[in-house]
Number of protein chains: 2
Amino acid sequence: MAAVSEPRWLSETEQQAWRAYLRGGRLLMDALDRGLAAHGLSLSEYEIISMLSEVPNQQMRMSELADLVVQSRSRLTHTATRLEKRGWVVREPCLGDRRGVLLTLTSEGRAKVGQIAPVHVEQVRANLVDRLTAAEFAALGDAMGAVATGLADEASPGETQ
Amino acid sequence: MAAVSEPRWLSETEQQAWRAYLRGGRLLMDALDRGLAAHGLSLSEYEIISMLSEVPNQQMRMSELADLVVQSRSRLTHTATRLEKRGWVVREPCLGDRRGVLLTLTSEGRAKVGQIAPVHVEQVRANLVDRLTAAEFAALGDAMGAVATGLADEASPGETQ
DNA sequence: CGGGAATAGTTGACTGTTCAAGTTGATTGT
DNA sequence: ACAATCAACTTGAACAGTCAACTATTCCCG
């Protein structure tokens, strides 16, 4: 049994950066969630219908969508059921793979996205984009992009792109 | 009733940055949560006992702590109860304000923090810090610090610092 | 001092998420 | 062509989080 090596603690500055990231991220998500809650949906629900609205045929495989919005398959199943009850989405069989389900945006769903999108983008600006310089925001995106790529790769290696 | 002004949509690059932030952030939090789950607690539980461990007397008012870790008071009440059942924390009356409760780390709690901290810091490094240059990570911290300050200020204006 | 408003914390019901198990259909190797 | 394995999705129970209502205490101010 090997000796446990000394932990590589964060420096004071690193610690501050990490805490700021955690705190800021939570505050931001809370603010966005509250903003959308006032219009009757959560951020993760909005992400789902918003993604669907941008894709050919407004439909996507459940698992593809789950990966895209980083939700477990089971969570997406439950959420999709709720969205379906509200009439924003329907399940369609997937031609060519009968195990599959295509989650499809309805026209009510499309309308909802159209109604919410301007509200949401304004909230993202007010709470994030407008608080940073363009360069800071770009750097943020790059950094988190690198993190995302690293983590996505280790989940399913060998299919970057 | 004023005309609704044209939404200030995100540019293509901004959109990408925002999506990367969302996706990367979720993947990161998931990874950290899984990492800690292997040791029997969640990230938000760890944050609580970790904060307590760094503070004089290892104790803090419920609401102060709730603000620090960005959890609702109600959520903290429930989580504290769970932590108390596991013996990592106890509630003590707050001298000088009989409404108050001091959440206090037990020695078992302190031991748990000591055991988990090295694991956790390693995961933060592996998934975040080590994937970025020092400058990128510092920029990330600064950016999210600005976001946090802005959002915290608007919650309780006039007490920056 | 006394009464109204604010603050600290809790409670329980409801909603959302996770987790492990189950079903059905595709794939692969022989 | 058939069994074994794997992938897509669902299910339901257990668990965590939210929300609104409630108790107890302190603060404010006339």
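Residue numbers start from 1 in every chain, and the chains themselves are labelled A, B, ... in the order their sequence lines are given, proteins ahead of strands.
Taking atom CG of residue L103(A) and atom P of nucleotide dA8(D), one finds them 16 Å apart after rounding to whole Å. Between the P atom of dG16(C) and the CG atom of L36(A) lies a distance of 14 Å, rounded to the nearest Å. Summarising the geometry, the separation between CG on L41(A) and P on dT15(C) is reported as 16 Å, rounded to the nearest angstrom. Atom pair R73(B):CZ and dT11(C):P shows a separation of 16 Å (rounding to whole Å applied).
Put simply, the side chain of Y21(B) does not reach to within 4.5 Å of the side chain of V124(A), judged on heavy atoms. Residues L36(B) and I116(B) are in side-chain contact: their nearest non-hydrogen atoms beyond the backbone lie under 4.5 Å apart. Looking only at side-chain heavy atoms (C-beta outward), N57(A) and L102(A) stay at 4.5 Å or farther from each other. Taking the side chain as every heavy atom from C-beta outward, L140(A) and L140(B) approach each other to under 4.5 Å. Side-chain contact check for M29(B) versus M29(A): every heavy-atom pair is 4.5 Å or farther apart. Side-chain contact between W88(B) and L41(B): present, with at least one pair of heavy atoms (C-beta onward) separated by less than 4.5 Å. Counting heavy atoms from C-beta outward, D67(A) and R73(A) have side chains that approach closer than 4.5 Å.
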### Task
Sugar-phosphate means primed atoms, P, OP1 and OP2; the rest is base. With that split, encode nucleotides 13-23 of chain D 5' to 3' as B, S or - using protein heavy atoms under 4.0 Å.
---SSBB----

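Residue V119(A) is not grouped with residue I48(A) when hydrophobic side chains (ILVMFWY) are merged at heavy-atom distances under 4.5 angstrom, including chains of intermediate members. Clustering ILVMFWY residues whenever any of their side-chain heavy atoms sit less than 4.5 angstrom apart, transitively, puts V55(A) in the very cluster that holds L76(A).
Rounded to the nearest 0.5 Å, atoms CD (E136(A)) and CE (M144(B)) are 11.5 Å apart. The CZ atom of R61(A) sits 7.0 Å away from atom CZ of R99(A), with the distance rounded to the nearest 0.5 Å.
Shown for residues 49-70 of chain B: residues whose heavy atoms fall under 4.0 angstrom of DNA chain C, namely R61(B), M62(B), S63(B). Near DNA chain C, meaning a heavy atom under 4.0 Å away, the residues from residues 88-99 of chain A are D97(A), R98(A), R99(A).
Axis deviation across the helix from dC1(C)-dG30(D) to dT30(C)-dA1(D) amounts to 30°, comparing end segments of five pairs, rounded to 10 degrees.
Looking at residues two or more places apart in sequence or on another chain, you find a side-chain contact (heavy atoms from CB on, under 4.5 Å) between V101(B) and M62(B), R91(B).
Applying the side-chain hydrogen bond (donor to acceptor under 3.5 Å, both in side chains) test to pairs two or more places apart or on separate chains, those with a residue in residues 110-125 of chain B are R8(A)-E122(B), E14(A)-R125(B).
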